[in-house]
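Here is how names work: the chains are called A, B, and so on, in the same order as the sequence lines, proteins then strands, and each is numbered from 1. From a predicted model like this one, the values you see are computed outputs, not experimental measurements.
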2 protein chains.
Amino acid sequence: MNSKLFRGSLDTIVLKLLRDKGKMYGYQIAKEVKHISEGRFHITEGSLYPALHKLERKGYLDTEFERVDNRTRKYYRLSPKGKTAVKEEIKEMKSFLTGLSLIVNPEK
Amino acid sequence: MNSKLFRGSLDTIVLKLLRDKGKMYGYQIAKEVKHISEGRFHITEGSLYPALHKLERKGYLDTEFERVDNRTRKYYRLSPKGKTAVKEEIKEMKSFLTGLSLIVNPEK
DNA sequence: ACTATATACCTAAGATTATTATGTATATTA
DNA sequence: TAATATACATAATAATCTTAGGTATATAGT
């Protein structure tokens, strides 16, 4: 990623996107994150693919391969375990956002 | 810290607090972060002190020792270099917060 | 007197995770 | 034909946090 601040948020972002979109492949996730964040976040392949593999190993993601235009896509979707986990992760991220806001934008 | 999300934000938080408060010592920083974040963030000593030493080494912080109640406090304050850096870091953090919000709380 | 908690600093081993660079392969556009 | 986009992947390195431990004083409770 572009910013050191990003460290630690990647998993949650991936899980959240997959919850919203149903299924996605890696390359698509990177593009989508850049788009949704309005150009702020640029996920590099070197962080994305290992993160996806880790989430798959942990049993949070199920996968299926699909061939489109002679290129292989590896689609990811949330497993039941991943669906449970994503709820907690999003809750944590919202709390994290609130905490950071309190520090960066202290009221008055 | 309590949450993996915190990874990467510690430096910026420390610099921001020092900009607001003028000078602070380590223990005080940990308490203050917990207080301002309304209990969300618990900085552990094992992450805080190395981070302070790193920022000092980088020339962002100046230090002075003070003895209070027979205990030594090491006070930190922003150096001129640190004052320059903190502006950029806060700008980055606000952009980061905006980006994360767009992902976690997509409009409609 | 003893114990726990709070204050106040510190370091070290290990784990986690991002960065940077590299590799393979196909399709499209200039 | 060369560059860019699509699409996957891994490996060495660096950065940074976690966990655990260490030292020391003051205070409050039993």
With heavy atoms under 4.0 Å as the rule, sort A:R7 into base, sugar-phosphate or nothing.
base
Contact class for B:G46 (heavy atom, under 4.0 Å): base, sugar-phosphate, or nothing?
base
Whole angstrom is fine here: how far is it from [atom1] in [X] over to [atom2] in [N]?
X: A:L52; N: D:dT10; atom1: CG; atom2: P; result: 11 Å
X: A:H42; N: D:dA5; atom1: NE2; atom2: C1'; result: 17 Å
X: A:H53; N: D:dC8; atom1: NE2; atom2: P; result: 9 Å
X: B:R57; N: C:dC10; atom1: CZ; atom2: C1'; result: 14 Å
X: B:L48; N: D:dT18; atom1: CG; atom2: C1'; result: 14 Å
X: A:F6; N: D:dA15; atom1: CZ; atom2: C1'; result: 17 Å
X: B:I29; N: C:dC10; atom1: CD1; atom2: P; result: 11 Å
X: B:K34; N: C:dT7; atom1: NZ; atom2: C1'; result: 14 Å

[X] side chain: which of [options] is closest?
X: B:E45; options: D:dT19, D:dA9, C:dA8; result: C:dA8
X: A:Y49; options: D:dC8, D:dC17, C:dC9; result: D:dC8
X: A:Y76; options: D:dT6, C:dA6, D:dA9; result: D:dA9
X: B:N70; options: D:dA26, D:dA9, C:dA6; result: D:dA26
X: A:P50; options: C:dA6, D:dC17, D:dT10; result: D:dT10
X: A:R73; options: D:dC8, C:dA8, D:dC17; result: D:dC8
X: B:R71; options: C:dT7, D:dT18, C:dC9; result: C:dT7
X: B:T44; options: D:dA26, D:dT19, D:dA7; result: D:dT19

Looking at [X], I'd like to know whether one of its side-chain N or O atoms comes within less than 4.0 Å of OP1 or OP2 on [N].
X: B:K4; N: D:dT16; result: no
X: A:K31; N: D:dT6; result: yes
X: B:K54; N: D:dT16; result: yes
X: B:Y25; N: C:dA8; result: yes

Between B:K4 and A:E92, is the closest basic N to carboxylate O distance under 4.0 Å?
no
Would B:R19 and B:E89 pass as an ion pair if we require N to O under 4.0 Å?
no
Give a yes or no on whether the backbone of A:K58 and the side-chain of A:K81 come within a donor-acceptor separation of less than 3.5 Å.
yes
Using modelled atom types and a 3.5 Å cut-off, is there a donor and acceptor pairing between side-chain atoms of B:T63 and backbone atoms of B:Y76?
no
Quiz question: by atom type and distance under 3.5 Å, do the side chains of B:Y75 and B:R73 form a donor-acceptor pair?
yes
So for atom NZ, which belongs to B:K87, do other residues, nucleotides or ligands contribute more than 12 heavy atoms lying within a distance under 6.0 Å?
no
Using a 6.0 Å cut-off, check whether atom NZ of A:K74 has over 12 heavy atoms from anything other than its own residue.
yes
Fit a plane to each ring of B:F41 and A:F96, take the angle between them on a 0 to 90° scale, and name the class: parallel (under 30°), tilted (30 to 60°) or perpendicular (over 60°).
tilted
How do B:D69 and A:Y75 order along DNA chain D: which one's closest nucleotide is nearer the 5' end?
A:Y75
Contiguous Watson-Crick or G-U pair runs (3 or more, under 3.5 Å) in DNA chain C
C:1-30 with D:1-30
